[in-house]
**Q** 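Pasting a structure below so you can have a look.
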Protein chains: 2
Amino acid sequence: MAKKTGEKYQAIINAAVRVIAQHGYHNAQVSRIAREAKVADGTIYLYFENKDDILISLFNEKMGQFIATCRDLCNKADTVEQKIYVLVHSHLSQLANDKEFSVVTQIELRQSNPVVSKGIGEVLKQYFSLIDDVIREGVEAGVFRDDVDVRLARTMVFGTLDQTVTAWVMRQCKHDLVSQVDPIHNLFLNGLIRK
Amino acid sequence: MAKKTGEKYQAIINAAVRVIAQHGYHNAQVSRIAREAKVADGTIYLYFENKDDILISLFNEKMGQFIATCRDLCNKADTVEQKIYVLVHSHLSQLANDKEFSVVTQIELRQSNPVVSKGIGEVLKQYFSLIDDVIREGVEAGVFRDDVDVRLARTMVFGTLDQTVTAWVMRQCKHDLVSQVDPIHNLFLNGLIRK
DNA sequence: GATTAATGAATGACCATTCATTCATGATTT
DNA sequence: AAATCATGAATGAATGGTCATTCATTAATC
């Protein structure tokens, strides 16, 4: 049971993103998602185990896409500097183009239901290791300082991007995200200090 | 009504931190917090408006302390580099010393009840402007590059620290947080690139 | 004895999930 | 080709469990 394909499956996931983004996680009742997807309440349970499963599936589906795009673009870049640039750019531009999903990831899905966290954690790890690979390459190629700790550098990259997107969402997605790409890239590579 | 002082007020707040950290936000029923605080369910409502108010008060009380400590330590530092160091150090060391509060801030309180978010946002802003002040000082003193965007640099600093603590909490607070202070400080000031 | 603090059982709202029933589609039989 | 049957998708009203909140009552304090 709970077949995870088909037109209605997608419809429910898209409805869930919309409902959660607009009404908040707390008012995202299953029946509201069903109504938005133009489906009966019970139909939800033909496609999803339970409410948590909707959230996990939603995140995995969309985040999976997100990571795949990042990875593809990264592979096309030649230098390590460019790869970092691509990471920053694709993170920000993809979320800038999907405000509803951004609201869901940055605000609504940060709740602590352990089942949901676990489901989400798996996909996030993939993203982390993509960033790790780029940084490791930079260290091994001698472009980055050789005392750079890969995990820490990744934490800085992800932490900064994540916080940038959160601030944008908090301010109603009003300003332009992509214009931050260059300054962020510069800050990562050169730091704060004037030389 | 809802007097926000006294021994029981503190007892309830401390109980809430413990209950939320140990059982998760979802299982932090008011009656459980009451039991942990050795107080009757109804007593909670003599000190707090409602459940949200417990969370907001908890965050404001503890985070207020946190910021005051950061500010004091910062004021004692002479150079801008040292002030950045102090920010990194006091952020990490304070949270390292209060694992239960860390779990609450990094995981359990990231849920999206708009009332709670709003209550929390106010205090967070104070912390942001403390970081902003330090960075602005660095730019004005000519220690930092003069094209450094203050808000962006703050986003990097906060985003990195926040993500560092989150990763620590996720891995059961096992490794040493404070040992990351030097590498993070170095990364902020000098960036990734080998010179 | 009056005022204030504390109690905890009872209430009622909320909402995820279930399941008896209906509907749609296609196969099989006559 | 009409009639019958079979399958499983879809429905949505009903259920049941969970808690935040209330408030009548009791205890403490001045």
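What's counted below: heavy atoms across the whole structure, side chains too, no hydrogens, waters or symmetry copies. Worth saying up front: this structure is predicted, and the values here are computed from it rather than measured. Proteins come first, then strands; the chains are lettered A, B, ... in the order of their sequence lines, and each starts at number 1.
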**Q** Tell me the interatomic distance from B/Glu49, atom CD, to D/dT21, atom P, rounded to whole angstroms.
**A** 10 Å
**Q** In whole angstrom, what separates A/Phe48's CZ from C/dA16's C1'?
**A** 15 Å
**Q** Per the side-chain contact (heavy atoms from CB on, under 4.5 Å) rule, which among B/Leu55, B/Asp98, B/Leu109 passes with B/Val104?
**A** B/Leu109
**Q** Would you mind reading off the distance between B/Asn50 atom CG and D/dT22 atom P, rounded to a whole angstrom?
**A** 9 Å
**Q** Please report the C-alpha distance between B/Lys76 and B/Val86 in whole Å, then the side-chain angles of each, then the deciding distance to 0.1 Å, and finally whether the side-chain contact (heavy atoms from CB on, under 4.5 Å) criterion is met.
**A** CA-CA 9 Å; B/Lys76 287 187 193 142; B/Val86 166; over 6 Å; no
**Q** Are there more than 12 heavy atoms of other residues, nucleotides or ligands under 6.0 Å from atom CD of B/Gln22?
**A** yes
**Q** Group every Ile, Leu, Val, Met, Phe, Trp and Tyr by side-chain heavy-atom contacts under 4.5 Å, then state whether B/Tyr9 and B/Ile20 land in the same group.
**A** yes
**Q** Go through the steps to decide whether A/Gln106 and A/Thr166 satisfy the test side chain to side chain donor-acceptor pair (under 3.5 Å), and finish with yes or no.
**A** CA-CA 6 Å; A/Gln106 305 303 126; A/Thr166 297; 2.8 Å; yes
**Q** Tell me: CD1 of B/Ile54 to P of D/dC19, nearest whole Å?
**A** 15 Å
**Q** Please report, rounded to the nearest Å, how far the P atom of D/dA20 is from the CG atom of B/Asn27.
**A** 10 Å
**Q** Without decimals, in angstroms, what is the distance between B/Asp52 CG and D/dA20 C1'?
**A** 11 Å
**Q** I need the B/Thr155 OG1 to B/Arg151 CZ distance, nearest 0.5 Å.
**A** 7.5 Å
**Q** Could you state the atom-to-atom distance from OH of A/Tyr25 to C1' of C/dA16 in whole Å?
**A** 11 Å
**Q** Output one letter per nucleotide in nucleotides 6-13 of chain C: B when a protein non-hydrogen atom lies under 4.0 Å from the base, S when only the sugar-phosphate is that close, - when neither is.
**A** BBB-----
**Q** Scan residues 28-35 of chain A against DNA chain D and write down, sorted by residue number, each residue with any heavy atom closer than 4.0 Å; if none is found, say none.
**A** none
**Q** Please answer whether the main-chain N or O of B/Met170 pairs with a side-chain N or O of B/Gln172 as donor and acceptor at a distance below 3.5 Å.
**A** yes
**Q** Got a sec, which pairs hit salt bridge (Lys or Arg N to Asp or Glu O under 4.0 Å) with one end in residues 131-144 of chain B, sequence neighbours left out?
**A** B/Lys83-B/Glu137, B/Asp132-B/Arg154, B/Asp133-B/Arg136
**Q** Between atom SG of B/Cys70 and atom CE of B/Met63, what is the distance when rounded to the nearest 0.5 Å?
**A** 7.5 Å
**Q** Please report the distance, rounded to the nearest Å, between OH in A/Tyr45 and P in D/dA14.
**A** 18 Å
